[in-house]
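Down below is the structure, laid out as structure tokens.
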Amino acid sequence: MASSYKEMEEKWQRRWSEEGLDRSERSDKKKFMIVFAYPGVSGYLHVGHMRGYTYCDVIGRYKRMTGHNVMFPVGTHATGNGAVTLANRIARNDKDMIDYLKRNGCPDDKLEELMDPLSLVWFFNDVYVNDYWKRFGFLSDWRRFTCTLYQDYAKFMQWQFMKLNDAKLLIQKPYFMPACTECGPVAVDASESDISKGGNAETQEYTLLKFRCNDVFLVAATLRPETVYGQVNFWVNPDVEYVKMRKGDETWIVSPAAAKKLSYQKDGCEIIGTINGKDMVGWMCEAPMIRRPVPVFPAKFCDPNVGTGLVTSVPSDAPDDWISLEEVKNDPKMISEYGLTKEQIDSAVPISIISMDGYGDFPAKDIIDSMGIKRSGDPKLLDAKKQVYKDGYHTGKMKAVCGKFAGLRVEDAKDRMKEEMIASGEAESFHDLSEEVICRCGSPVMIKRVDDQWFINYADEELTKRTSGHCRTMDIIPAEYQNNVHTVLNWFRERACVRQGNWLGTKFPYDERWTIEAISDSTLYPIYYIISMYANRKEILPEQMTEPFFDHVVLGKDDAENVSKITGISKELLEKIRKDVDYWYPLDLNVGGKDHMTVHFPTFLFNHAAILPSEKLPRGIMVNWYITGKKSKISKSKGGAQPIPGAAERFGVDSLRLYYAHVASPYADVEWDEDIVMSYRQRLDRIITMTEELNSFTEGETETEVDTWLLSRFGTHIAAIHEGMKKLDIRAMASETYFEMFNDMKWYVRRGGCNSAVIRNALKMWISAMSPITPHVSEELWSICNFEGLVSEYQYPDIPEGNAGAEFGETLIRDVIADMAQIIKVTEIKAERAFIYTSPEWKKKVMRTALDLSSSGKLDIPTLTKMCMADESLRKHGKTVPELAKKFATEMSRTSNDWRYALLQLDETEHLSSAARFISSETGVNVTVISADDEGLYDPKGRSKAALPGRPAIYLE
RNA sequence: GCUGGAGUAGCCAAGCCUGGUCAAAGGCGACAGACUCAAGAUCUGUUCUCGUAGGGGUUCACCGGUUCGAAUCCGGUCUCCAGCACCA
């Protein structure tokens with residue numbers, strides 16, 4: 001016995017490798033290929049991540065033991081800006097980041113090296129492989145490891161895009177992306193790798209509303225185009241100097257900042273002059289859609305840096321508008337200062353346009369009142385605005401005043417009204433960031449129109465149909481996702497698949513200025529694991545991995561001879577790789593976290609369907625849920641989580657694997673709790689101790705009923721495991737093995753079981769059942785028992801038929817003990833002797849007759865009664881027979897009766913007699929078992945009359 | 001709001017598709033007992049409620065329905081969770 005888990009783990013991992021279990025090669029066996037969605041390289045992972053990975057290894061090991069040749073390759077996904085961000089933070093000497101790295105075991109002398117993104121990726125590749133996956137005992141084929149930043153992977157990726165292009169699934173159209181005015185495209189995200197400010201900014205799509213005023217347009221930007229029916233006036237900031245801008249053959253008035261932004265998105269913009277805000281106050285301009293003249297009023301809340309710096313006023317639904325309008329109306333000084341007329345003031349009356357749950361006619365007023373906002377400029381107005389916007393979007397309906405849009409939900413009206421105004425030339429769309437974003441270089445980041453952005457056309461109907469159709473033939477679990485995946489596939493639109501800027505990844509083959517984006521390069525990759533091994537060994541070189549190469553080995557195009565000439569790869573090797581691909585693909589199972597349901601899995605399916613023939617499309621998907629933190633999520637960036645090597649050290653790898661396998665359904669989130677992991681460790685400890693003890697048994701030649709029982713029970717458990725694993729029910733496997741079988745073993749010993757041959761037989765079943773989940777402990781126990789070879793390579797034999805009678809026999813004993821205990825507890829008598837009366841033969845006969853009738857569907861009270869009373873031997877028992885017949889007929893017609901066959905197989909008197917000693921010792925009462933048929937039996941209270949088959953009568957005194 | 005999911009005893013969690021040994025597996029925790037120098041140890045029992053003979057009563061979010069019979073099937077209500085995109 002190894003002295004520690006760690007020692008045990010290392011020992012067996014070495015053995016597996018020595019025996020070649022971590023290498024997958026073609027063979028005559030049925031193959032099984034499984035992968036997990038490879039993780040993004042963005043720092044250390046935590047214990048939660050190991051959940052899904054562990055499921056893969058468990059499934060792979062199980063398949064291996066049931067006759068499959070298994071391939072379980074792993075890799076990493078380093079595309080994107082994660083590594084760049086991380087490297088930058090280290091380079092900046094970010095204290096939190098350095099602390100986090102060190103806490104996870106990063107050596108000080110590595111930090112310098114990690115300032116380079118690529119070095120950082122190579123570093124973490126090693127961490128993932130060695131500290132996580134190898135440490136956990138995965139039987140993965142490490143020779144096939146690949147990373148999305150490898151040269152050879154890039155060649156595969158470029159080929160994939162060529163095939164998408166061949167399938168006419170690559171399209172180009174305009175796109176709006178954040179870009180620094182000096183450095184070009186940047187990533188705007190919370191990690192702020194490219195930018196110095198504004199990481200939380202989102203790109204928002206505004207509608208520019210054009211208000212005609214003689215020969216110029218005042219242009220307002222709004223996020224709520226559906227509110228145009230509520231427009232009653234227009235706002236300008238009197239303190240701001242606006243610009244006049246030529247836009248095509250029109251003249252627009254907007255803020256200077258807006259003019260600059262617009263020039264990045266619209267053609268033909270040119271500033272031709274300026275105009276002061278205060279000069280516009282008092283103008284009348286025509287509102288779009290409603291075509292009504294509205295007055296221009298002054299308002300300080302118009303920020304020249306937001307939108308266009310000009311705002312349309314919808315007081316009914318915009319809190320700012322409501323409160324500012326009130327202020328204008330109640331400020332005679334302002335009215336006279338700007339020369340506003342009474343007609344203008346009186347015309348600005350709020351119009352109720354949207355009905356919303358929980359609000360009256362004027363939602364803006366309601367929220368102002370409920371939040372206690374008194375004047376413009378109150379910072380709470382921002383929250384008020386968001387709240388009304390959100391509630392309106394979700395629950396609002398357009399009122400009758402909204403013309404043909406009346407009755408529409410806000411969500412729908414928004415798009416329809418916007419489109420209509422754009423079509424009529426009254427509006428245009430405009431993209432802007434929700435907050436100020438500044439590049440690392442100090443220049444502002446703006447939204448820039450790109451005319452030739454590439455997309456993968458996932459909206460393609462043919463593709464969607466083919467993909468969706470294929471999904472119906474797959475094993476997708478849980479079943480809920482099997483049903484929902486079609487909705488997701490239909491919901492997919494064109495997806496921008498390349499980007500510019502400071503990102504890692506593969507160059508787009510048709511335009512090297514672009515980098516293939518992170519989701520798009522991780523869809524078809526499982527097939528690449530079959531090829532990566534040859535690239536890793538340098539048997540094929542990136543420059544040889546051209547279109548004809550992949551066309552041949554993946555799609556079987558052209559013949560090896562020709563391709564060999566073109567690529568310089570030997571014909572034999574090409575044929576070998578082609579055969580490998582043909583053997584291992586399709587992928588049997590892709591395991592990924594629940595977040596992949598709406599992004600990775602659909603694109604994984606789409607790309608397979610787009611490029612590969614139907615017989616090579618994936619066969620299965622399994623989605624796993626998460627391990628969460630106590631209160632918030634255990635996030636790798638927050639650093640609160642237990643590092644994986646630390647957990648492995650502390651609990652032992654197999655305890656963790658058992659924890660993942662059993663703690664909950666894979667399809668539910670679980671809260672990480674070390675005490676629970678500890679309890680799994682204790683269970684493993686107990687199992688080890690028990691196995692060692694059992695293995696020392698040497699006696700017992702004759703098989704007793706407990707022996708028969710144990711083997712039957714174990715057979716039943718193993719059958720349940722196989723049944724469950726048809727649906728990859730790992731939890732059922734764990735439950736049967738580590739709990740049910742364990743409890744049966746305990747009962748066996750307690751009942752005095754000691755037959756060493758039986759025990760060895762049972763141990764063999766038990767230890768092999770444990771092997772997929774706790775492989776290290778299983779190997780150790782397997783070797784302690786001197787079983788042949790490695791348990792990891794053991795093939796589960798066919799299971800012998802269960803013995804229902806034997807299984808029922810033990811249930812009977814337990815029931816009798818429980819009944820006696822209950823009687824003693826309730827009556828509080830101090831019993832010294834117990835008499836157990838088993839059912840008389842004639843009652844069994846009645847039951848048998850009833851069962852026979854029941855199985856032929858003819859059971860009813862009169863039939864049964866008649867049949868029994870026709871029997872001479874029964875009739876002599878008089879009126880108790882019809883009573884019993886009635887009881888059985890009633891009970892048996894309403895319940896399932898399989899167990900009754902088992903009980904009739906059993907000689908209860910014999911069985912209970914042989915267990916009498918055991919029952920006595922368990923209950924502390926001296927037990928005598930008597931058949932109710934016995935002549936002159938001791939039965940002072942006449943209890944024996946109550947004896948029924950499977951339900952002996954009990955008398956205590 | 002849309003799409004999907006969930007609500008089971010002190011807690012976690014099976015069961016629900018395929019209605020009937022379901023007062024409802026298993027695990028934690030708690031209580032009691034055994035063992036004991038000791039152990040985050042192990043073993044045994046109890047853990048909805050009433051009950052001096054193995055029984056009865058009331059339960060599986062809530063309301064109603066189907067059925068001889070419902071935790072399980074159907075309709076409705078309430079509450080909670082996830083995703084809603086270019087982010088891996």
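The basis for the numbers below is simple: all heavy atoms, side chains too, and nothing from hydrogens, waters or symmetry mates. Within every chain, numbering begins at 1; the chains are lettered A, B, ... in the order of the sequence lines, protein sequences first and strands thereafter.
For A:R493, whose side chain is taken as the heavy atoms from C-beta onward, the closest listed nucleotide among B:A88, B:G27, B:A85 is B:A85. Listed nucleotides B:G26, B:C43, B:A53 differ in distance to A:Y955; the shortest reach to its side chain belongs to B:A53. Among the nucleotides B:U3, B:G5, B:A82, the one closest to any side-chain atom of A:N484 is B:U3. When distances run from any side-chain atom of A:R750 to the nucleotides B:U44, B:A85, B:A6, the shortest one goes to B:U44. Side-chain proximity of A:S679 to the nucleotides B:A88, B:A13, B:C28 is greatest for B:C28. For A:R731, whose side chain is taken as the heavy atoms from C-beta onward, the closest listed nucleotide among B:G55, B:U3, B:A14 is B:A14. Taking the side chain of A:R951 as heavy atoms from C-beta on, and the options B:A82, B:G55, B:A6, the nearest nucleotide is B:G55. Checking B:A14, B:A85, B:U3 against every side-chain atom of A:T487, the shortest atom distance belongs to B:U3. When distances run from any side-chain atom of A:Q682 to the nucleotides B:A88, B:A41, B:C43, the shortest one goes to B:A41. When each of B:G27, B:C86, B:G54 is scored by its nearest atom to the side-chain atoms of A:R495, the top-ranked nucleotide is B:C86.
Shown here, B:C11 forms a base pair with B:G27; the pair counts as Watson-Crick or G-U wobble because both key distances fall under 3.5 Å. Remark: B:A32 base-pairs with B:U44; criterion is Watson-Crick or G-U wobble with both hydrogen-bond distances under 3.5 Å. In this structure, B:A85 makes no Watson-Crick or G-U wobble pair, since no nucleotide meets both defining distances under 3.5 angstrom.
Remark: A:R495 fails to qualify as a cation-pi partner of A:W454 under the 6.0 Å distance and 45° angle criteria applied to the six-membered ring. In this structure, A:R833 satisfies the cation-pi test against A:Y938, with its NZ or CZ atom closer than 6.0 Å to the six-membered ring centre and inside 45 degrees of the ring normal. Within the cation-pi definition used here (under 6.0 Å to the ring centroid, within 45° of the axis), A:R751 qualifies as a partner of A:F918.
Place A:P39 and A:I829 on RNA chain B by their nearest nucleotides, and A:I829 ends up nearer the 5' end.
Heavy atoms of A:D685 sit nowhere under 4.0 angstrom from any nucleic acid atom. A:P952 comes within contact range of at least one nucleobase, with a heavy-atom separation under 4.0 Å. A:F742 comes within 4.0 angstrom of sugar-phosphate atoms only, judged by non-hydrogen atoms across all strands, and of no base. Across all strands, A:K746 comes closer than 4.0 Å only to sugar-phosphate atoms, never to a base (heavy-atom distances). Base contact: A:L956 has a heavy atom under 4.0 Å from a base atom.
Scanning atom types as modelled, one donor and one acceptor separated by under 3.5 angstrom connect the side chain of A:D819 and the base of B:G54. Under 3.5 Å, the side chain of A:R683 and the base of B:G27 form no donor-acceptor pair of N or O atoms.
A stacked arrangement is assigned to A:W491 and the six-membered base ring of B:A85, with a centre-to-centre distance below 5.5 Å and an interplanar angle below 30°.
Within 6.0 Å of the NZ atom in A:K448, the count of heavy atoms belonging to other residues, nucleotides or ligands does not exceed 12. The local environment of CZ in A:R416 is sparse, with at most 12 non-hydrogen atoms from other residues, nucleotides or ligands closer than 6.0 Å.
Comparing B:G57 with B:C2, their C1' atoms are spaced 46 Å from each other, to the whole Å.
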